[in-house]
Structure formats: structure tokens, C-alpha cells
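Quick note on labels: first sequence line is chain A, next is B, and so on, each numbered from 1. All values reported here derive from a predicted model rather than from experimental measurement.
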Amino acid sequence: MKLKIVSRSGRPVVADGIVVPNDAKVSDLKRSLHALKKKLYPSRQRFTTSPAPGESRGIVLVDDKSLNDYGLEDGDTIVFKDLGPQVSYKAVFFFEYLGPLLAYLPFYFMRREIYGGIFGIKNAGKAPLEAQTLAMYFHTAHYVKRILETFFVHKFSHATMPIFNLVRNCSYYWTFGAFMSYFINHPAYTPVGRTQMLAGFAFSAVMQLSNLRCHVILANLRKDGQKGYVIPSGFLFNYVTCANYATEIYQWLGFNIATQSVMGYTFMCCGAAQMMQWAIAKHARLRKLFDGKDGRPKFRRAFILLPPFF
Amino acid sequence: MSFAKLYLATYNASLIAGWLSVLVFGFSALRATGAASVYDAIEKPLVWSQTAAVLEIVHAAIGLARSPVVVTAMQVSSRLMVVWGVLILAPESRTAKMGVVGPLELGVPSLILAWGVTEVIRYSFYFFKVATKDGEVPRAIVWCRYTLFIVLYPLGVSSELFLAKSGFAQLVKTNPLALEMPNKLNIAFHFPTFMVLFFLGYVPGFPMLYGYMLDARKKVLGTKSKRD
């Protein structure tokens, strides 16, 4: 069948439309367009059906569904949007986590050069405190864990995201990493009491391990080939909708209890605010999808994100 | 008229008055006694009008106005940085000037020209939006709001950066608002460093906001002319 393809302003994207087999999937359509327009590789294409009368936008066509599923027939028009240059999730995660890992370390290992040489602070060459050494190990372990998870645990439901996100996320993580490190490794850094420090790091360690367990659970949510939403369950997910975020936030809380810096707490709050938005959206989506009617399971959780508060 | 609309109309009308007085006092001082006297003539209305803009972030945040919160916060905070951080904390910047081309000189006069005209038009735009029955804004104001920024925004930004540069040495010397380590919260604050980092934010920020305005221009002026 032949489909007319127009942009959102109504201009034709391909002059004579595109011919695809009658049983073609959306992904086949994307490959056909890519063959005609080299620049538009499949992951930067998005198709929607023509908006129904009175509606402002149509339905997004999902890759592994067939065009017939959307009732498309020969001569129909669909709307195309160029999502812009894409970059893989894995690459974004890798670079945004590599940055803070690397930005943190020079302040610890090159104390004399950075604090003494660049900032002109006295006593810059003195040996790091126990708290500073442990903080360096914990911070590094945290991001090494994230990078390893990116390659060996996480399953991404989307392959790519717009390239702007790479720039945005990297600036966020790299800048915070450097600023936290500057204050925590500072020659005039004031440590907390030893008991508080050890308790904080211990809590952080337990939360990091729990976070890993949460990520493994999420990665195994769906059986091979299964698509769509599933209620996460087991371990902390039985009590908290987004246990993965909760453990992440509490991991930083432990780190901050141990290291006590305004910058560290600020980083935690910024992250928590973002995760709060995602968690509220996810909680709402799961509640709507799993309403307990028509044989669907009913979704219930005591907490959305931060037990025992929220 | 609802209470919210009445409030917004009053707010916008007051700020039109505030920025008009900045322009009028500023330019009569410029003609009477020269550029160096402009700041003293406008300090009060400038500081008040610009500081009042903090309310715009509140308006956006509580849904009273439809502007995006983040963009509004970016705009307002950069203005406050220039007023409070540069002009107030570094008085040497108030009389600084630098010729660019012909009669165009960067300094307080170019700053208030760019800011004042932009704000009078912008607040008039909002005023008509809330004060008229069907929110109809005179075409000339719409056109000005979405056109003059093309020149005024770069003029404003270059004036801001020039004034910041002019006041910088004084800020380093006086080091206002300083907070030094060691302290229990492990935080330090060095205002000149903060200011440099802040204005570095203009590198991604300026093209972003300029692009945002250009898009808005295309949306507002483009579709209208098609319909006409």
C-alpha cells in the first residue's frame, strides 16, 4: 500500500508517498523512509496517525506493531516528525557517570596542585583525612557501579534520546561532581564525629547494595519478548513504588551524613526533586493501568518514593 | 473582573509606570548632566521595578501566569544579578562606559534603554491581556514585543556583561558576602567566583532564550499574518 507522509505543518515529506507491503510493520516503514532519506535514520523518526477531527494530535505509531493495527489503508496520510539527532541511552549514561567519577578524583589526588597551586590555599599538601579518603572510595564506587549497571544490568525500553539530553545531563553530573569534590576534599574541611561518619557510610553501603538489587529486579521484569507495563514486585518494591529511586536517594543521604557538605545535600535534593516527578508519574500510570477491574491486577503501594514520608 | 485579574492588571500597570520612570528620569539626566549621572537619577525605580519581577516567578509557579517557570526564573535571576550583584555591590560599574560604533556606547544608559523599552512593552502586553475583556492586545504592541528583542536583547546582554566586567575589580577587592571555610557545613562563598560562573551560564543561556523568543515570534506573528 501507498502512504502519504506529511510534516506537522502539512507539507509532504516524500513527494510521491511511500509504498510498503500490506503487512508491513511500523519499523519497516521507518526503514523505507531511511532508504529514501539518508539523514533520517529510524530512531529519529516519529510517525503519528492524522489527527481525528477535533483532535490536535494523532496516535503515535509504535515500532513493532503493524500498520494494519492502526487501521491504515492505501492512500492514507500519516504525520512525520523529525526528532533530531539521537544518541544511545547507553552512551548518555556512560558519559554522564564517567564525568563525576573523573571530576571528583583530581581534588583528592592532586591536592597540592589544585588547592595550593590554583586556589592559593595554605596547608594544601597535608595528608587527606579518614573521612575524605572514605568519601573518595564511596563516590568512586557509586559511579563505577552505575557504569557497570549501564552495560550489564539495565534494559532500556528506548534505544536513543535527543542529543541535547547528553549535553544537559553531562553538565549536571559533571558540575555537581566537581563542586562536591572541591568542598569535601578542601584542606579546611571539617569532618563530623567518627561514629556519625561510620554510620553514614554504612547506611550508604546498604542502600547501594539494595539499589543494585532493585535494578536487577527491574531488568528481569519482563520475560523474553514481553512488552508493556508490569508491576514491579519483590524486595522493597512490595512497599515502595519506586524503590530504585528511594535507595538511590538514601544512598546519597548516607554519604551526606558521613561527609556533611551543603553541596552534597544540594545535589541530593536536586536529584530527589527530579525523581519525585518521575515517581509520581509512574505511580499514577501504574494505578491507572492496574485498576483491579476485568481481571487486571490491582496496584497498591504504601509509599511512592520516600518511605516513611511519601 | 476576577480578583486574580485585578491583581495582575495592577501589578502590570505598576511596572509599566516603574519602567517608564526609569526611562524618563534616566534620559532627562543623560541630556541634562551626562551619562555619569544616569544611575543616581534612576536607582530607586530601577531597583524596585526589577526586584518586583521576583513575583513573576511566583506567578508562573502558582499558575497565575502561563509563562514557563524555569525560563522566567532564568531571566529574572540574571537581571537581579546585574542590579544587586553588579550595580549595587560594585558602584564603580555605574559610571563605566565604552564606545562601540558611532554614538552607541555601552554602560548604564544602554542598559536601561534595552531593559526599559523591553519591559514597558512586555508589561503593556500583559496588561492588555488581563485588562481587556477578550484579552486582545493592540497589534502594534504584539509586533513590538516579538520584534524589538532582536536588537534589544543583545544590546541588554552586552551592556550587562560590560558592566559586570567594569565592576569586577572592585568586587574582588571588597569581597562582599564572603563565607570562608572551615565551618561545620563545609561550604564557602566567594562572590566574584560565583559571578564568573553565573555569567558563564550566558553561553548556553543566551542562545537558548534568544531561540525561544525567535520561536515565539514565528508562532505569534507568523500565524497571524497567514490568517490576515
Side-chain angles (χ1 to χ4, degrees), chain A residues 8-11 84 107 115 118-124 126 129 131-132 135 163-172 174-176 178-193 196-197 200 255-270 273-274 277, chain B residues 57 60-63 66 68-74 77-78 169 171-173 175 177-212 214-227:
Chain A
R8 287 192 302 169
S9 58
R11 242 170 286 156
F107 293 95
Y115 292 104
I118 302 176
F119 294 105
I121 295 164
K122 283 177 209 135
N123 301 327
K126 69 174 184 182
L129 303 170
Q132 292 174 319
I163 205 153
F164 170 73
N165 294 11
L166 176 69
V167 179
R168 186 195 57 195
N169 295 8
C170 285
S171 340
Y172 172 80
W174 296 33
T175 315
F176 260 122
F179 271 100
M180 274 169 64
S181 185
Y182 172 84
F183 289 112
I184 292 172
N185 290 304
H186 199 282
Y189 171 80
T190 311
V192 297
Q196 180 183 339
M197 176 189 79
F255 182 86
N256 285 328
I257 288 173
T259 56
Q260 188 155 297
S261 74
V262 168
M263 202 47 78
Y265 277 106
T266 311
F267 178 60
M268 182 184 78
C269 292
C270 289
Q274 174 65 72
Q277 280 185 6
Chain B
I57 308 176
I62 62 176
R66 274 191 303 171
V69 186
V70 178
V71 176
T72 313
M74 274 167 70
S77 60
S78 80
L171 287 174
V172 172
K173 207 162 55 192
N175 195 10
L177 312 170
L179 174 63
E180 276 166 29
M181 284 172 90
N183 55 58
K184 280 197 156 163
L185 293 174
N186 290 308
I187 185 74
F189 187 72
H190 184 242
F191 187 66
T193 307
F194 176 74
M195 198 169 93
V196 170
L197 295 172
F198 185 92
F199 284 118
L200 273 179
Y202 276 30
V203 176
F206 174 72
M208 222 174 93
L209 289 178
Y210 203 65
Y212 170 80
L214 282 174
D215 280 351
R217 176 184 158 76
K218 214 154 91 186
K219 228 180 270 170
V220 175
L221 298 182
T223 47
K224 273 252 171 75
S225 59
K226 230 184 261 172
R227 247 183 253 150

Inset, instruction - State whether the side chain of B/Asn186 and the backbone N or O of A/Gln260 hold a donor-acceptor pair below 3.5 Å, judged by distance alone. - result: yes

Inset, instruction - Please determine, among A/Gly264, A/Pro191, A/Ser261, the option with the most heavy-atom pairs under 4.5 Å with chain B. - result: A/Ser261

Legend entry - side chain to side chain contact (heavy atoms under 4.5 Å, CB included) assessment of A/Val262 paired with B/Phe189: CA-CA 11 Å; A/Val262 168; B/Phe189 187 72; over 6 Å; no

Inset, instruction - May I ask you to check whether over 12 heavy atoms, not counting those of A/Arg168, lie within 6.0 Å of atom CZ? - result: yes

Inset, instruction - Evaluate whether atom CD of B/Glu180 has more than 12 neighbouring non-hydrogen atoms of other residues, nucleotides or ligands under 6.0 angstrom away. - result: no

Inset, instruction - Calculate, to the nearest 0.5 Å, the distance between atoms OG1 and CG belonging to A/Thr175 and B/Leu197 respectively. - result: 9.5 Å

Legend entry - Nearest-0.5 Å distance, CZ of residue A/Phe119 to NE2 of residue B/His190: 10.5 Å

Legend entry - Portion of A/Ser171 that has a non-hydrogen atom of chain B nearer than 4.5 angstrom: neither

Inset, instruction - Quick one: pull up CZ in A/Phe183 and CG in B/Leu185 and give me the separation to the nearest 0.5 Å. - result: 11.5 Å

Legend entry - Nearest atoms (heavy-atom pairs only) where A/Ala188 meets B/Pro182: O-CB, 3.1 Å

Inset, instruction - Inspect the surroundings of CZ in A/Phe179 and state if more than 12 heavy atoms from other residues, nucleotides or ligands are less than 6.0 Å away. - result: no

